Peer 1: 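First the structure, which I've put down as structure tokens, then a few questions once you've had a look.
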Amino acid sequence: STAEAYAKMYNIKFKNIEQSGDINVDGEFNVADLVMMSRYINGVINIDERQTFSADINGDGNIDIFDMIGFRKKLLED
């Protein structure tokens, strides 16, 4: 991930934490976050750095359809 590369570059201990998926920062992971993710991917809204981290479900540094699929799977598990 980008964060892991940054930590390695500056010799900082890296700890991988689970992406929460809580893009709208309401303390919950639900359909509202999935809608916000869709709006971001379609260029309707912008999201900040914290929201970007939460949206990057697969941890590859990109917010894309693969994260959307991960969102849907996570919603179905809960």
Side-chain angles (χ1 to χ4, degrees):
S1 74
T2 303
E4 187 172 11
Y6 179 87
K8 187 174 184 177
M9 182 171 56
Y10 291 99
N11 200 26
I12 300 169
K13 185 177 180 180
F14 177 77
K15 181 178 179 185
N16 191 14
I17 59 175
E18 181 181 342
Q19 275 70 19
S20 70
D22 182 19
I23 297 176
N24 66 359
V25 196
D26 67 353
E28 299 179 23
F29 175 73
N30 54 36
V31 174
D33 298 298
L34 183 63
V35 170
M36 197 166 185
M37 163 69 96
S38 176
R39 294 182 72 203
Y40 173 76
I41 288 174
N42 288 306
V44 176
I45 63 168
N46 291 314
I47 57 178
D48 65 25
E49 186 176 338
R50 198 216 61 77
Q51 292 169 308
T52 299
F53 179 78
S54 291
D56 187 14
I57 296 295
N58 65 6
D60 69 355
N62 298 308
I63 311 302
D64 53 25
I65 191 65
F66 299 109
D67 296 300
M68 182 72 90
I69 291 167
F71 259 67
R72 292 182 67 169
K73 286 181 180 179
K74 189 172 178 175
L75 277 174
L76 292 173
E77 289 173 1
D78 293 343

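Treat the numbers as computed from the prediction; the structure is a model and nothing was measured. Nothing fancy with the numbering, it's 1 onward along the sequence.
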Peer 1: What I'd like to find out is whether the side chain of Ile57 reaches to under 4.5 Å of the side chain of Phe66, using heavy atoms alone.
Peer 2: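 No; the side chains remain at least 4.5 Å from each other.
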Peer 1: Nearest 0.5 Å, what's the CG-CZ distance between Leu75 and Arg72?
Peer 2: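 Result: 9.0 Å between the selected atoms.
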Peer 1: Indicate the atoms forming the closest heavy-atom contact of Asn30 with Glu28, along with that distance.
Peer 2: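 Looks like ND2-OE1, 3.4 Å.
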Peer 1: Can you name the closest pair of heavy atoms from Asp22 and Gly27 and give their distance?
Peer 2: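 Shortest heavy-atom contact: OD2-N, 2.8 Å.
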Peer 1: Answer yes if Ile65 and Val31 sit in the same cluster of Ile, Leu, Val, Met, Phe, Trp and Tyr residues linked by side chain heavy atoms under 4.5 Å apart, and no otherwise.
Peer 2: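 Linked, Ile65 and Val31 end up in one cluster.
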Peer 1: Specify the closest pair of heavy atoms between Ile23 and Gln51, including all atoms of both residues, with the distance to one decimal.
Peer 2: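 Closest pair (atom of Ile23, atom of Gln51, distance): O-NE2, 2.8 Å.
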Peer 1: Taking all non-hydrogen atoms of both residues into account, name the closest pair between Arg50 and Asp48 and its distance.
Peer 2: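 Result for this residue pair: N-OD1, 3.1 Å.
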Peer 1: What pair of heavy atoms forms the shortest contact from Ala55 to Ile47, and how long is it?
Peer 2: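 For Ala55 and Ile47, the tightest heavy-atom pair comes out as CB-CD1, 4.3 Å.
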Peer 1: Which residues pass the ring pair (Phe, Tyr, Trp, His ring centres under 6.0 Å) test with Phe71, not counting sequence neighbours?
Peer 2: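 With sequence neighbours excluded, Phe71 shows a ring pair (Phe, Tyr, Trp, His ring centres under 6.0 Å) to Phe29, given in chain and number order.
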Peer 1: Is there a path of hydrophobic side-chain contacts, each under 4.5 Å between heavy atoms of I/L/V/M/F/W/Y residues, joining Val25 to Ile45?
Peer 2: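 No; Val25 is not reachable from Ile45 via cluster members.
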Peer 1: Looking at every non-hydrogen atom in both residues, tell me the closest pair between Asp67 and Asn62 and how far apart they are.
Peer 2: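 Here Asp67 and Asn62 meet closest at OD2-O, 2.6 Å.
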Peer 1: I'd like to know if the side chain of Asp33 reaches the main chain of Met37, judged simply by a donor and an acceptor atom lying under 3.5 Å from each other, with no hydrogens or angles considered.
Peer 2: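 No.
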Peer 1: Please step through side chain to side chain contact (heavy atoms under 4.5 Å, CB included) for the pair Met68 and Ile63, ending with a clear verdict.
Peer 2: CA-CA 8 Å; Met68 182 72 90; Ile63 311 302; over 6 Å; no
